[in-house]
S.K.: 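Here it is, the structure, as structure tokens.
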Amino acid sequence: MSIQAIILLGAPGAGKGTMAEAIRSATTFIHVSTGDMLREAIKAGTLVGREAEAFMRQGELVPDEIILKIVMERLERGAPDAQYMFDGFPRTLEQARLLDAEFARRGAKLINVFLLDVSREVSLERLGGRLICRRCDANFHVRNIPPKTAGVCDNCGGELSQRPDDSRATILKRLEVFQQQTAGLIAYYAKRGVLQRVDSSGPRAETVADIMKRLQ
Ligand code: AP5
């Protein structure tokens with residue numbers, strides 16, 4: 001058996017990370033989030049982290065060569081029959097084309113690209129209320145998915161805070177960058193016959209159930 005993969009594609013705040021966590025816990029897919037990998041690199045103070053930080057703080061995309069380097073390194077470390085779930089990757093046509101070339105080289109198969117569809121209003125509301133645990137990175141929302149105790153992580157008791165790129169101005173920039181640089185991937189994958197559009201604006205459990213049904 002060779003590598004298989006699915007992609008979670010969607011605007012900032014569409015729920016990619018939230019869906020990925022639910023799918024990961026119910027399947028054998030390995031969650032590969034380029035956003036998480038970059039935030040870990042920043043925390044660890046690595047060269048990749050130092051190169052990426054300014055782009056992320058401004059809501060710009062990190063250059064393709066940095067992203068492709070960390071993704072290819074991750075694939076190298078994985079088993080030859082691993083099942084990957086990419087979250088937030090690819091994000092440009094260049095990244096998509098190079099992923100295709102790498103998959104062709106490895107005989108790997110892209111099973112599905114799930115487009116998590118939400119309106120701009122939903123993205124703004126979700127990102128404006130998102131809370132992240134400083135210790136374990138668990139994800140909450142002040143109203144939609146609130147922690148049991150305000151400001152405290154349900155999983156580890158860590159302190160919850162806003163992500164540095166979730167200020168109003170940076171959220172608006174990220175939404176603009178999505179339209180300009182990532183939305184083109186919708187047509188790219190539709191043409192390949194692998195795109196599945198999922199309404200991601202309802203309650204979390206409904207969207208998870210919809211994706212799980214399509215995966216079976
Ligand atoms: P990344 O971390 O990937 O951020 P993003 O794409 O902007 O997406 P988010 O994580 O903000 O949103 P999400 O869709 O995961 O939503 P979530 O589940 O958290 O990237 C960050 C930065 O890194 C980029 O700006 C760029 O600089 C760089 N980068 C990363 N990958 C790159 C790449 N490939 N190329 C170049 N640069 C790259 O949900 C949001 C909130 O809503 C949460 O509070 C959640 O609890 C809540 N929520 C989720 N689902 C629901 C629901 N169904 N109902 C109610 N509330 C919900």
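Atoms within a ligand are numbered from 1 in the order they appear, just like the ligands themselves. Owing to the predicted nature of the structure, the values given are computational and were not obtained by experimental measurement. Each residue takes its place number in the sequence, starting with 1.
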S.K.: Can you list the atoms of ligand 1 that are under 4.0 Å from a heavy atom of G17?
M.R.: 13 (P), 15 (O), 18 (O)

S.K.: Are any of the heavy atoms in A11 under 4.0 Å away from ligand 1?
M.R.: yes

S.K.: L127 heavy atoms, cut-off 4.0 Å: which ligand 1 atoms fall inside?
M.R.: 11 (O)

S.K.: Of the choices R204, R174, R163, which has the non-hydrogen atom that lies closest to atom 1 (P) of ligand 1?
M.R.: R163

S.K.: Is there a nitrogen or oxygen of G10 sitting under 3.5 Å from a nitrogen or oxygen of ligand 1?
M.R.: no

S.K.: For atom 49 (C) of ligand 1, state which one of I132, T18, L8 supplies the nearest heavy atom.
M.R.: T18

S.K.: Quick one: does L131 get an N or O within less than 3.5 Å of an N or O on ligand 1?
M.R.: no

S.K.: When you look for heavy atoms under 4.0 Å from ligand 1, do you find them on the side chain of L61, its backbone, both, or neither?
M.R.: both

S.K.: Students should be able to answer this: which protein heavy-atom is nearest to atom 31 (N) of ligand 1, and at what distance?
M.R.: T34 OG1, 2.8 Å

S.K.: Counting only heavy atoms closer than 4.0 Å, does ligand 1 sit against the backbone of A52, its side chain, both, or neither?
M.R.: neither

S.K.: Suppose we measure from atom 29 (N) of ligand 1 to each protein heavy atom; which comes out shortest, and what is that distance?
M.R.: L38 CD1, 3.6 Å

S.K.: Could you go step by step and tell me if R39 and D137 meet the side chain to side chain contact (heavy atoms under 4.5 Å, CB included) rule?
M.R.: CA-CA 10 Å; R39 281 183 287 276; D137 295 327; over 6 Å; no

S.K.: Salt bridge check, K69 against E65: does any charged N sit closer than 4.0 Å to a carboxylate O?
M.R.: no

S.K.: In the protein, what heavy atom is nearest to atom 46 (O) of ligand 1, and what distance, to one decimal place, separates them?
M.R.: N139 OD1, 3.2 Å

S.K.: Backbone or side chain, does any N or O of P12 fall under 3.5 Å from an N or O of ligand 1?
M.R.: no

S.K.: Check ligand 1 against N144 and write out every atom of the ligand that is under 4.0 Å from a heavy-atom position of the residue.
M.R.: 55 (C), 56 (N)

S.K.: Please write down residue, atom name and distance for the protein heavy atom closest to atom 16 (O) of ligand 1.
M.R.: G15 N, 3.3 Å

S.K.: Return the residue, atom name and 0.1 Å-rounded distance of the protein heavy atom closest to atom 23 (O) of ligand 1.
M.R.: M56 CE, 3.3 Å

S.K.: Short N/O distance, under 3.5 Å, between V62 and ligand 1?
M.R.: yes

S.K.: Taking S33 for the side chain and D36 for the main chain, is one N or O donor matched with an acceptor at less than 3.5 Å?
M.R.: yes

S.K.: With heavy atoms only and a cut-off of under 4.0 Å, state how D166 meets ligand 1: side chain, backbone, both or neither.
M.R.: neither

S.K.: Show which atoms of ligand 1 fall inside a sub-4.0 Å distance from at least one heavy-atom site of F140.
M.R.: 43 (C), 44 (O), 46 (O)

S.K.: Nearest 0.5 Å, what's the CG-CZ distance between D166 and R126?
M.R.: 13.0 Å

S.K.: Specify side chain, backbone, both or neither for P90, according to which of its non-hydrogen atoms lie closer than 4.0 Å to ligand 1.
M.R.: neither

S.K.: Once you round to the nearest 0.5 Å, how far does CZ of R214 lie from CZ of R197?
M.R.: 10.5 Å

S.K.: At less than 4.0 angstrom from any non-hydrogen atom of G202, what atoms of ligand 1 do you find?
M.R.: 52 (C), 53 (N), 54 (N)

S.K.: Run down the list R91, R130, E60 and name the one with the heavy atom closest to atom 40 (C) of ligand 1.
M.R.: R130

S.K.: Would you tell me which option among M37, K16, R126, Q58 has the nearest heavy-atom contact to atom 57 (C) of ligand 1?
M.R.: R126

S.K.: With a 4.0 Å cut-off on heavy atoms, does G13 reach ligand 1?
M.R.: yes

S.K.: Under a 4.0 angstrom heavy-atom cut-off, which atoms of ligand 1 come close to Q95?
M.R.: 33 (C), 34 (N), 35 (N), 36 (C)

S.K.: Please round to the nearest 0.5 Å and tell me the distance separating atom NZ of K191 and atom CG of L185.
M.R.: 13.0 Å

